[in-house]
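Below you'll find the structure I mean.
Every chain is numbered from 1 and lettered A, B, ... according to where its sequence line falls, protein lines coming before strand lines.
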Protein chains: 2
Amino acid sequence: MADGSTNDMITQRSSKLEQAIRVDLAEGRLAVDRRLPPERELAERYRTTRITLREALSHLEMDGLIYRENRRGWFVSDRRLVYNPLWRTDFQRMTREQNRQASTELIEAVSAVAPDDICALLEQPSGTEFWRIRRRRRVDDRLVVFVEHHLSKTVFADILEQDLTGSLTNLYREKYALEYGDVSFEINPIALTGMPAAELHCSNGTFGLQIVRVNRDQAGRILDCDAEYWRHDAVSIRIDTRDGTP
Amino acid sequence: MADGSTNDMITQRSSKLEQAIRVDLAEGRLAVDRRLPPERELAERYRTTRITLREALSHLEMDGLIYRENRRGWFVSDRRLVYNPLWRTDFQRMTREQNRQASTELIEAVSAVAPDDICALLEQPSGTEFWRIRRRRRVDDRLVVFVEHHLSKTVFADILEQDLTGSLTNLYREKYALEYGDVSFEINPIALTGMPAAELHCSNGTFGLQIVRVNRDQAGRILDCDAEYWRHDAVSIRIDTRDGTP
DNA sequence: TCACGCATCTGGTCTATACCAATGAGGTGA
DNA sequence: TCACCTCATTGGTATAGACCAGATGCGTGA
């Protein structure tokens, strides 16, 4: 109350170990080439046990300072990518504008019956078949997002013949003369499991952001739906109504 | 691959303990009045140690099935509140429309120098004083969000004399004849610490969603800025460009 | 040259136990 | 009646040690 201010007092609840690691991280003493030493080594360095150490690392992970790759190790997080789900500018361009480098990998592109919830979103009866495109993207070489698209098989009859590692937005415009219109989306903080977790090389249960979006063309017809699964520390959502929705 | 499908196989990575708790939760065997038994009792019931049990509970917490109140215990999460940060309908109305019941508590309403980042957002020089209003809200009696507002002292000269447990939106319109115009906001997944964590009764480092918003009137003048800190499992963000921004 | 297999490294899960610290209920005394 | 104090309860943090399982790199053999 006197000088330490109520706020600071409340803030100082995290363990000493966690604070120590924070300082070492901030001053660059901990990570070699953004990679932290093995847990056993860290535990020894901080004179504690792996359990306790992992507890502290988990906190820093939730705080977005570090992240882990499943059974591979811990790494220092880079700054967040600023992302506006209303803009359908392609990923490459978006990252370039933030002086970062992106890449996309195609995981699969097949015809498949969509789950009921996806069919409902796309306003089609349960059991409808769609093109299902699964991809994952890196920013500055780090895997940050897994994306699953569902597209109408009739509207995009020959899409599997196209290059699917690039921008679908551009494909829509250039090959199908379709422009985006309205969008709706939903953002949920969730635990990453199953395929998203596996493809992003993160441990099961790692925290993430799910963004499910339904895109329409200018006539209001539903074009596709995509579910994105982001590593939570890699993204910051920003929306400004003054920007409009190009 | 045959019938178990690749997806399921990848999904089954979580521990058996975690699965057991999931089942018991789903079938209502675990919680009495939404409150889980003490950790020690649970550890005994599942024939494991508290460490292991807490690991599993943390996973379920990240998945949004349960949450904890600091040193108070574990509780079963209710369904998420659907929230559109572009709509400035008041909280009471929003919750009522979802058949839920909301309440707001005023924590403080004072004049204070805003931090530099807030001053920048409000396009005022560092060190500017604003009204600082801190509140927290409950949905169905559960604390779900802590909100910190910063308002211009000149535009809202006598706002401290108003009832600050209600809707600021309504106050703006009724007492100051101000209508909202453009909005910009930023959503960040972060760890809750300090005052937000304390006021929400959650342990330091609990996962949350931060939503920082800058509101303007119809002339484009900045009205105020508010930073919301949500319990991550209590909210789902939804935006639809067809709704417009009333 | 390249595919395969094995050894090793690393995180993931688990047992057993102890003490610290905030909460909250109940009792005490003004 | 009500403020205060005490203490049992409950989570929060920590130690010490073990084995499991995926990821990786290296070396072998075709």
Side-chain angles (χ1 to χ4, degrees), chain A residues 6 9-21 31-62 66-75 143 191-194 197-207, chain B residues 6 9-21 31-32 35-62 66-75 143 191-193 197-206:
Chain A
T6 315
M9 290 174 66
I10 297 175
T11 307
Q12 244 138 54
R13 274 211 218 152
S14 49
S15 70
K16 285 179 191 172
L17 171 61
E18 190 184 326
Q19 285 301 338
I21 299 179
V32 176
D33 204 22
R34 308 196 73 77
R35 180 181 192 136
L36 270 67
E39 292 179 358
R40 285 164 237 262
E41 203 176 310
L42 285 174
E44 201 175 348
R45 185 189 308 196
Y46 291 101
R47 296 166 186 286
T48 183
T49 59
R50 264 185 76 211
I51 293 280
T52 305
L53 177 86
R54 279 170 62 83
E55 180 81 18
L57 292 179
S58 294
H59 280 180
L60 299 176
E61 181 188 31
M62 284 195 276
I66 58 176
Y67 65 95
R68 59 182 128 174
E69 294 199 7
N70 197 24
R71 288 175 196 280
R72 237 167 283 196
W74 294 87
F75 303 83
L143 285 168
L192 299 176
T193 52
E199 292 296 336
L200 291 177
H201 293 170
C202 60
S203 320
N204 202 272
T206 298
F207 215 92
Chain B
T6 315
M9 291 172 63
I10 297 176
T11 306
Q12 243 137 55
R13 274 210 217 153
S14 49
S15 70
K16 285 179 190 173
L17 171 61
E18 189 184 328
Q19 285 300 338
I21 299 179
V32 175
R35 181 184 189 133
L36 271 67
E39 293 180 358
R40 284 164 237 262
E41 202 177 311
L42 285 173
E44 201 175 347
R45 184 188 309 196
Y46 291 102
R47 296 165 188 287
T48 182
T49 59
R50 267 184 73 211
I51 293 281
T52 305
L53 176 85
R54 277 170 62 82
E55 180 82 18
L57 291 178
S58 295
H59 280 179
L60 299 176
E61 181 188 31
M62 283 196 276
I66 59 176
Y67 66 94
R68 60 182 128 175
E69 294 199 8
N70 197 23
R71 288 176 193 279
R72 236 166 285 195
W74 294 87
F75 303 83
L143 285 169
L192 298 176
T193 52
E199 293 295 336
L200 291 176
H201 293 172
C202 60
S203 320
N204 202 273
T206 298

Q. Do any side-chain nitrogens or oxygens of B:S203 fall under 4.0 Å of OP1 or OP2 in D:dG11?
A.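 For B:S203, the contact criterion (side-chain N or O under 4.0 Å from OP1 or OP2 of D:dG11) is not met.
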**Q.** Separation of atom CG in B:L57 from atom C1' in D:dT10, rounded to whole Å
**A.**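 Atom CG in B:L57 sits about 13 Å away from atom C1' in D:dT10.
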Q: Quickly work out the A:Q19 CD to D:dG12 C1' distance and round it to whole Å.
A: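 These atoms are roughly 16 Å apart.
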**Q.** Sequence-distant partners of B:P37, side-chain contact (heavy atoms from CB on, under 4.5 Å), two or more places apart
**A.**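 Residues passing side-chain contact (heavy atoms from CB on, under 4.5 Å) with B:P37: B:E41, B:L42, B:R45.
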Q | Integer-rounded Å distance: C:dT17 C1' and B:E39 CD | A |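 Roughly 15 Å, once rounded to whole Å.
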Q. Closest nucleotide of DNA chain D for A:E55 versus for A:H201: which of these residues is on the 5' side?
A.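 It is A:E55, whose closest nucleotide lies nearer the 5' terminus.
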**Q.** Atom-pair distance (CD1 on A:I21; P on D:dA14), nearest Å
**A.**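 Atom-to-atom, A:I21 to D:dA14, this comes out as 10 Å.
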Q: Just call it for A:R54: base, sugar-phosphate, or nothing, with non-hydrogen atoms closer than 4.0 Å on any strand.
A: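 Base: the residue A:R54, judged by heavy atoms under 4.0 Å, touches a nucleobase.
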Q) Which residues satisfy the side-chain contact (heavy atoms from CB on, under 4.5 Å) test with B:E39, sequence neighbours excluded? A)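 Per chain and number, B:E39 pairs via side-chain contact (heavy atoms from CB on, under 4.5 Å) with B:R50, B:L53, B:R54, B:L57, B:W74.
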(Q) Which nucleotide wins on minimum distance to the side chain of A:I51, given the candidates C:dC14, D:dT10, D:dG12? (A)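 Of all the options, the side chain of A:I51 is nearest to C:dC14.
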Quick one: which protein N/O atoms are closer than 3.5 Å to N/O atoms of nucleotides 19-21 of chain C? Pair and distance per line, please.
{"unit_1": "C:dA21", "atom_1": "N3", "unit_2": "B:R71", "atom_2": "NH1", "d": "3.1"}

Q.
Expressed as a whole number of angstroms, how long is the span from A:Y67:OH to C:dG11:P?
A.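 Spelled out: OH on A:Y67 to P on C:dG11 is 14 Å.
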Q. Counting any heavy atom closer than 4.0 Å, what does A:R47 reach on the DNA or RNA strands: base, sugar-phosphate only, or nothing?
A.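 Here A:R47 touches the backbone only, sparing every base.
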Q: Only counting residues at least two apart or in another chain, list the ones meeting side-chain hydrogen bond (donor to acceptor under 3.5 Å, both in side chains) with A:T52.
A: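 side-chain hydrogen bond (donor to acceptor under 3.5 Å, both in side chains) list for A:T52, sorted by chain: A:T49.
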(Q) From CG of A:L53 over to P of D:dA16, roughly how many Å is that when rounded to an integer? (A)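 Whole-Å distance recorded here is 14 Å.
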Q) Would you say C:dT15 has OP1 or OP2 under 4.0 Å from some side-chain N or O of B:T52? A)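 Yes, within the criterion.
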Q: To the nearest Å, give me how far apart CH2 (A:W74) and P (C:dG11) are.
A: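 Computing the A:W74:CH2 to C:dG11:P distance gives 9 Å.
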Q | Contacts of type side-chain contact (heavy atoms from CB on, under 4.5 Å), residue A:R71, not counting sequence neighbours | A |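 Partners of A:R71 by the side-chain contact (heavy atoms from CB on, under 4.5 Å) criterion come out as none, since no residue qualifies.
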Q: Provide, to the nearest angstrom, the distance between the CZ atom belonging to A:R35 and the C1' atom belonging to C:dG11.
A: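 Value for this atom pair: 10 Å.
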**Q.** Set of residues satisfying side-chain contact (heavy atoms from CB on, under 4.5 Å) with respect to B:R72, sequence neighbours excluded
**A.**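 B:R72 satisfies side-chain contact (heavy atoms from CB on, under 4.5 Å) with B:E69, B:H201 once adjacent residues are dropped.
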(Q) For a quick test of reading the model, state the closest non-hydrogen atom pair linking B:I21 to B:A56 and the distance between them. (A)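 Of all heavy-atom pairs spanning B:I21 and B:A56, the closest is CD1-CB, 4.1 Å.
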Using atom names, set out every protein N or O paired with an N or O of nucleotides 24-26 of chain D below 3.5 Å, distance rounded to 0.1 Å.
{"unit_1": "D:dT24", "atom_1": "OP1", "unit_2": "A:R72", "atom_2": "NE", "d": "3.0"}
{"unit_1": "D:dT24", "atom_1": "OP1", "unit_2": "A:R72", "atom_2": "NH1", "d": "2.9"}

Q) For B:F75, which residues count as a ring pair (Phe, Tyr, Trp, His ring centres under 6.0 Å) partner, sequence neighbours excluded? A)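 Partners of B:F75 under the ring pair (Phe, Tyr, Trp, His ring centres under 6.0 Å) test: B:Y67.
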